[in-house]
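Letters A, B, ... mirror the listed sequences (proteins, then strands); counts begin at 1.
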Amino acid sequence: CSKADLGPVSLNWFEELSSEAAP
Amino acid sequence: QSPEQTEIADRPVCDSLNLGSLQLVSTLKNPSGSCSVDVNVMWWDEAGFKDLCIVTACEYVVSLWKPADPCQWEKIHTWHFTEVPVLQIIPVPDVCNLVFVALGNLEIREIRALLCSSDDKSEKQKLLKSGNIKAVLGLSERRLVNSSRALCDQQVEVMTFAEDGGSKEKQFLMPPEETILTFAEVQGMQESLLGTTAVNNVVIWNLKTGQLLKKICIADSYQATVCHKAYSEAGLLFVILSHPCAKETESSGSPVFQLMVMNPKTTLNVGVMLYCLPPGQAGRFLEGDVKDHLAAAVLTSGTVAIWDLLLGHCTALLPPRSDQNWSFVKWSGTESHLLAGQKDGNIYIYHYS
């Protein structure tokens, strides 16, 4: 598999998911 | 104890460079002969001397062993239980002079802290949690996470401990709908926590805020998956899973561990590598431990198998000793020592190189 198969990647995924998720 | 060399037999898949070997360096004999359930290592400070000690758990007895003469161990503390048997030792990083254990029959009913009184050095125990506990894990910064069920509600709780083993602080994490089977820390990310669930989802929490960040479906994978290790690199989440229910396939043999990569943003995921048994070896994953790049598993055949996760193949096998199957294995904190236990309570310490 290639990295592209997993969709767009973010180095700050943890911070981004924390700001998007329900409090 | 005379050193003993145990090397992998002549098998084609491992007949290459970088074979590992296991050398027996020490034995802890259990005179009581009662059924042994777990082993681990931890720091213990006795009279100002801090030693890496071994904790052994039999059904109703937990013992602490301190290093004595070369390759010898001396039992210094013993805690007894009368009603509920011990199921497992719960290692908590960065904790000294505190042992955590889970007690129960098939499922965990209690979590207890074991310690010694600073006055008379007598053994004490504190009940920290009771109920229908499904999963528990020791975390960095003196924390312990557990999930429990009461009627329809699932509760995910993080406890922080004081020096005396008492619970100092409690925090709740947002529970998923399905039952959590196991927890795993993400290396180097102290605020994140993973869980695997009964319907093969991996969930991610923010430990600071308690938020449930994402649910990642790995439904194409095997059932009853256990997550042993997780780390984040280049925006992706890598996890080492074991599959107790995996079946042998003609193409790849019997898979025991698997490396999966997942994108937490998109939830897309894919298996990267299967860690299989060498041809001719039968058995499924029963119990195991992963530390750094080494994975060890007790197989249903009673043999212990070791994989180098970087090399990608099995590097050593430890067949049953004295006609007794192995029951559990743990990597020690230092120098690639493997602790392997049998049901009769004897623990054997091997050096892996």
Side-chain angles (χ1 to χ4, degrees), chain A, chain B residues 140 156 171-177 184-195 201-218 220-221 230-239 252 258-274 312:
Chain A
C1 72
S2 77
K3 201 170 171 180
D5 297 335
L6 297 170
V9 169
S10 168
L11 293 178
N12 299 317
W13 62 267
F14 187 75
E15 292 74 19
E16 288 173 19
L17 292 181
S18 296
S19 63
E20 291 163 12
Chain B
S140 56
V156 188
Q171 188 209 350
F172 292 96
L173 309 182
M174 191 184 289
E177 284 155 16
E185 265 191 305
V186 183
Q187 277 180 12
M189 296 180 73
Q190 288 191 341
E191 286 176 13
S192 64
L193 179 71
L194 296 191
N201 285 329
V202 170
V203 290
I204 309 173
W205 287 279
N206 182 327
L207 278 169
K208 203 171 179 181
T209 62
Q211 290 167 295
L212 180 61
L213 299 182
K214 212 74 174 177
K215 195 186 281 190
I216 299 172
C217 178
I218 51 165
D220 289 341
S221 185
Y231 58 94
S232 177
E233 205 172 283
L236 296 169
L237 199 53
F238 293 82
V239 293
S252 58
Q258 185 184 22
L259 172 65
M260 278 195 94
V261 59
M262 35 191 79
N263 182 346
K265 288 286 283 183
T266 62
T267 74
L268 295 170
N269 59 88
V270 67
V272 177
M273 189 179 283
L274 284 172

Side chain proximity check, [X] to [Y], heavy atoms < 4.5 angstrom:
| X | Y | answer |
| --- | --- | --- |
| A/Glu20 | B/Lys265 | yes |
| B/Leu236 | A/Leu6 | yes |
| B/Thr266 | A/Pro8 | yes |

Restricting to non-hydrogen atoms, name the atom on A/Phe14 and the atom on B/Trp205 that form the minimum distance, rounded to 0.1 Å.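 So the minimum-distance heavy-atom pair works out to CE1-O, 3.8 Å.
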Residue part contacting chain A, namely of B/Ser192, when any heavy atom lies under 4.5 Å: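 Both backbone and side chain.
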Contact part of B/Ser232 toward chain A, heavy-atom cut-off under 4.5 Å: side chain, backbone, both or neither? side chain
Quick check for you: to the nearest 0.5 Å, what is the distance between [X] atom [atom1] and [Y] atom [atom2]?
| X | Y | atom1 | atom2 | result |
| --- | --- | --- | --- | --- |
| B/Ile204 | A/Trp13 | CD1 | CH2 | 4.5 Å |
| B/Leu212 | A/Leu17 | CG | CG | 10.5 Å |
| B/Leu213 | A/Glu16 | CG | CD | 11.5 Å |

Top of A/Ser18, A/Ala21, A/Ser10 for chain B proximity - count of heavy-atom pairs under 4.5 angstrom: A/Ser18
